[in-house]
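Report on one structure; see the data block that follows.
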Amino acid sequence: MELILKYFPVLTEEQKKQYAALYDLYLDWNSKINVISRKDIDNLYEHHVLHSLGIAQVIRFKPGTRIMDLGTGGGFPGIPLAILFPEVQFHLIDSIGKKIRVAEEVAGSIGLKNTTFRHARAEEEKQTFDFVVSRAVMPLSDLMKIIRKNISPKQQNALPNGLICLKGGELAHEAMPLKNKTTMWDMKEFFEEDFFRTKKVVHVSNY
């Protein structure tokens, strides 16, 4: 929790309580349904919560923004972002039902009012959003093909509507097909912990 306050010192008491509650909730759920690797649960705040909040270092979403978290797993990056941006709507989807159940239960336990959940594949989701966020496992161009239909044309934020994802490693080759639409930020510029040395926030504009 100290780690979150180190980089996000201006939180309401409610937000502090919500972040603080995450460890016990994920520890409990993870013992039943594995959404975070067992050896990684002790690093929950660094590797999952703060990592998710890297997105907030490149954009502060305006109230009323609609965001889909694709392949959310147990709720990342959607739940940490939903705590930080209570005026923004988050729709978390995952193709694995038991994972989406964990995300839904965690959000319910901490009283999040700005999240909805769906057990579905990305191809099945027809709603439109300002942004799709993801801790992406598939290549950027494949992800863009799937989510293009979900991006609203109406702009209201500082970054153009599109995809914002958290990725690691060497991305220059992967971003080549989208190079005119892609912006990348090194997370080591935001967070000093070693974990973030090779991590990036990637924005791909849909327009």
Side-chain angles (χ1 to χ4, degrees), residues 1-61 67 69-86 88 90 92 94 96 99-100 102-112 114-115 131-138 140 163-171 174 183-203:
M1 191 52 209
E2 291 74 34
L3 200 54
I4 306 307
L5 290 170
K6 173 179 168 183
Y7 294 107
F8 296 90
V10 187
L11 295 175
T12 65
E13 287 309 310
E14 174 77 356
Q15 287 170 319
K16 287 178 193 170
K17 275 191 209 140
Q18 288 173 323
Y19 283 125
L22 293 179
Y23 182 77
D24 285 345
L25 286 166
Y26 278 110
L27 190 63
D28 180 43
W29 275 105
N30 218 49
S31 65
K32 301 175 237 182
I33 297 167
N34 198 17
V35 289
I36 292 166
S37 95
R38 296 261 186 324
K39 63 181 189 296
D40 207 28
I41 193 79
D42 287 342
N43 298 313
L44 177 80
Y45 284 99
E46 184 176 326
H47 293 184
H48 302 279
V49 181
L50 192 60
H51 187 218
S52 298
L53 294 176
I55 289 172
Q57 299 286 48
V58 306
I59 180 170
R60 293 298 168 117
F61 298 113
I67 295 170
D69 176 5
L70 177 59
T72 188
F76 300 99
I79 286 176
L81 289 170
I83 296 172
L84 193 65
F85 298 106
V88 172
F90 289 86
L92 284 63
D94 201 280
I96 299 170
K99 289 190 175 180
I100 206 78
V102 172
E104 196 163 4
E105 293 286 347
V106 168
S109 296
I110 61 171
L112 281 183
N114 57 334
T115 48
F131 295 98
V132 172
V133 297
S134 182
R135 295 218 282 185
V137 284
M138 67 174 80
L140 291 168
L163 171 71
I164 306 174
C165 65
L166 298 160
K167 291 206 122 204
E170 172 47 274
L171 296 172
E174 188 181 317
T183 312
M184 294 190 203
W185 295 264
D186 289 318
M187 291 182 82
K188 64 176 189 245
E189 304 295 323
F190 315 135
F191 306 135
E192 62 187 17
E193 288 69 25
D194 279 352
F195 174 74
F196 298 104
R197 269 212 319 254
T198 59
K199 302 281 189 284
K200 290 181 172 64
V201 181
V202 183
H203 171 253

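Because the structure is a prediction, the values reported are computed rather than measured. Counting from 1, the numbers follow the sequence of the chain as shown.
With sequence neighbours excluded, the residues forming a side-chain contact (heavy atoms from CB on, under 4.5 Å) with Glu189 are Asp186, listed by chain and number. Applying the ring pair (Phe, Tyr, Trp, His ring centres under 6.0 Å) rule to Tyr23 yields no partners; only residues at least two apart in sequence or on another chain are considered. When the ring pair (Phe, Tyr, Trp, His ring centres under 6.0 Å) test is applied to His47, the partners found at least two apart in sequence or on another chain are Phe195.
For His48 and Asp40, the side-chain atoms include at least one donor-acceptor pair closer than 3.5 Å. Remark: the Tyr7 side chain and the Glu193 side chain contain an N/O donor-acceptor pair separated by less than 3.5 Å.
In this structure, Arg60 places its CZ atom where more than 12 heavy-atom neighbours from other residues, nucleotides or ligands lie under 6.0 Å away. When the shell of 6.0 Å around NZ of Lys17 is examined, it contains 12 or fewer heavy atoms from other residues, nucleotides or ligands. Remark: Lys32 NZ is packed, more than 12 non-hydrogen atoms of other residues, nucleotides or ligands lying under 6.0 Å away.
Residues Val35 and Trp29 are not in side-chain contact: their nearest non-hydrogen atoms beyond the backbone lie 4.5 Å or more apart.
When all heavy atoms of Leu11 and Lys16 are compared, the pair lying nearest together is O-CE, 3.6 Å. Here the closest non-hydrogen pair linking Pro77 and Leu166 is CB-CD1, 4.1 Å. Shortest non-hydrogen contact noted between Ala103 and Ile79 is O-CD1, 3.4 Å.
Taking the ring centroids of Phe61 and Phe131, they lie under the 6.0 Å cut-off. Between Phe196 and Phe190, the ring centre distance reaches or exceeds 6.0 Å.
Distance alone, capped at 3.5 Å, places no donor-acceptor pair between the Gln57 side chain and the Met187 backbone.
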